[in-house]
2 protein chains.
Amino acid sequence: MKGRMMCDMRGMLSFQILFLLSKRHMHGEELATEIGKRRGDKPKAGTIYPALKDLKSKKLITGKREGKLIVYSLTPSGRETMKYATDYFCRAFGDVFALRGK
Amino acid sequence: MKGRMMCDMRGMLSFQILFLLSKRHMHGEELATEIGKRRGDKPKAGTIYPALKDLKSKKLITGKREGKLIVYSLTPSGRETMKYATDYFCRAFGDVFALRGK
DNA sequence: TTAAATATATAGGTTATCCTATATTTATGC
DNA sequence: GCATAAATATAGGATAACCTATATATTTAA
């Protein structure tokens, strides 16, 4: 599927991470798996961990070590960013979905 | 609005161009304006024209000069790519929309 | 205790997407 | 014709998002 794609479909990784964390707390591997379910390809460690590091440095998420895992959740600022980003996303791409099923 | 965004929302430009061209033929400025309506910021010339050049080089769109304008439309390959890309996009981000209004 | 498995971290490279700034082409108004 | 406006083109620079490969930490199994 991805091989057939001739236009670039990268992007919105940090947004998708914030979105998933707004539903429940997750650790890195879990996030990668959830993104993989949606995109068809699970992002590699070298993709997901730098993204988490960046979101953490911007204080949008916090991580709490639980044994082998680091469980991430949104900060208040992360929740607000997520809200604005969702509005933006829906305004930008809403009509792609509106057409589905037609 | 965009200034408040603390997570990167770039991406999917070529997909959005293909999507818009699947609805009607447009020239570059027109595409930029339509994208601007959706994203809140109209992409600059240095963004849109290289993207069109790239899609053209991949034979996903063709351009026909009409006076001052170059009117673009999808090639058969562009239509097929657009279909796969839309499926991918909806699978990847469908639940962002599913939650709206809840 | 040691090995293997799992999760995380980081270095280094590529590309699309964004920008600003400058140039060129084409049509239009005087 | 000549200037202006509008559309297109391109150079050059930044960054997020992807990758591979390697390393480290932590838990589990033998």
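Keep in mind the model is a prediction, meaning the values are calculated, not measured. In what follows, every chain begins at residue 1, and chains take the letters A, B, ... in the order their sequences are listed.
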Using heavy-atom distances to pick each residue's nearest nucleotide on DNA chain D, tell me which of A/Met12 and B/Tyr49 is more 5'.
B/Tyr49

Using whole Å, what does the distance between atom C1' of nucleotide D/dA7 and atom CE of B/Met26 come to?
16 Å

Roughly, in whole Å, what's the span from CG in B/Leu18 to P in C/dA16?
14 Å

Sequence neighbours left out, cut at 3.5 Å: what donor-acceptor pairs do the side chains of residues 65-74 of chain B make with other protein atoms?
unit_1  : atom_1 : unit_2  : atom_2 : d
B/Arg65 : NE     : B/Gly67 : O      : 3.3
B/Arg65 : NH2    : B/Lys68 : O      : 3.4

Round to the nearest Å and state the distance from A/Leu60 atom CG to D/dA16 atom P.
12 Å

Let's test your reading of the model: under 3.5 Å, does the base of C/dT15 pair with the side chain of A/Arg10 as donor and acceptor?
yes

Rounding to an integer number of Å, can you tell me how far A/Leu31 CG sits from C/dT6 P?
19 Å

Among the nucleotides C/dC19, C/dT15, C/dC18, whichever has the atom closest to the side chain of B/Lys44 is C/dC19

Under 4.0 Å between a side-chain N or O of A/Ser14 and OP1 or OP2 of D/dA16?
no

Any side-chain heavy atom of B/Leu18 sitting closer than 4.5 Å to one from B/Thr86?
no

What's the NZ-P distance between B/Lys64 and D/dA7, to the nearest Å?
19 Å

Which ones in residues 50-58 of chain A lie close to DNA chain C, meaning a heavy atom under 4.0 Å from one of its atoms?
A/Pro50, A/Lys53

Provide the closest heavy-atom pair for A/Gly11 versus B/Met12 in the form atom of the first, atom of the second, distance.
O-CE, 4.4 Å

Which whole-number value in Å describes the distance from B/Glu29 CD to D/dA7 P?
5 Å

Can you give each donor-acceptor pair under 3.5 Å made by side-chain atoms of residues 27-37 of chain B, sequence neighbours left out, with the distance rounded to 0.1 Å?
unit_1  : atom_1 : unit_2  : atom_2 : d
B/His27 : ND1    : B/Glu30 : OE1    : 2.9
B/Glu29 : OE1    : B/Lys42 : NZ     : 2.9
B/Glu30 : OE1    : B/His27 : N      : 3.2
B/Glu30 : OE2    : B/Arg24 : NH1    : 2.8
B/Thr33 : OG1    : B/Glu29 : O      : 3.0
B/Thr33 : OG1    : B/Lys42 : NZ     : 3.4
B/Glu34 : OE1    : B/Arg38 : NH1    : 2.8
B/Glu34 : OE2    : B/Lys37 : NZ     : 2.9

Rounded to the nearest angstrom, tell me the gap between atom CD1 in A/Ile48 and atom C1' in D/dC19.
14 Å

Would you please name every residue forming a side-chain contact (heavy atoms from CB on, under 4.5 Å) with A/Ser77, sequence neighbours left out?
A/Leu60, A/Thr75, A/Thr81, B/Met6

With the side chain of B/Leu13 defined as its heavy atoms from C-beta on, choose the nearest nucleotide among C/dT17, C/dA7, D/dA7.
C/dT17

With sequence neighbours excluded, what pairs up with B/Arg10 under the salt bridge (charged side-chain N to carboxylate O under 4.0 Å, His left out) test?
B/Asp8

Taking only residues two or more places apart in sequence, or in another chain, which ones meet A/Phe15 in a ring-ring contact (aromatic ring centres under 6.0 Å, His included)?
A/Phe89

Between A/Glu66 and A/Thr47, just flag the one whose closest nucleotide in DNA chain D comes earlier from the 5' side.
A/Thr47

dist A/Leu20:CG -> A/Met82:CE (nearest 0.5 Å) comes out at 9.0 Å

Contacts satisfying salt bridge (charged side-chain N to carboxylate O under 4.0 Å, His left out) that involve residues 49-62 of chain B (not counting sequence neighbours) are B/Asp54-B/Lys58

Which atom pairs link the protein and nucleotides 21-26 of chain D when you take only N or O atoms and keep those under 3.5 Å?
none

Spacing of B/Leu69 atom CG relative to D/dA9 atom P, expressed in whole Å:
11 Å

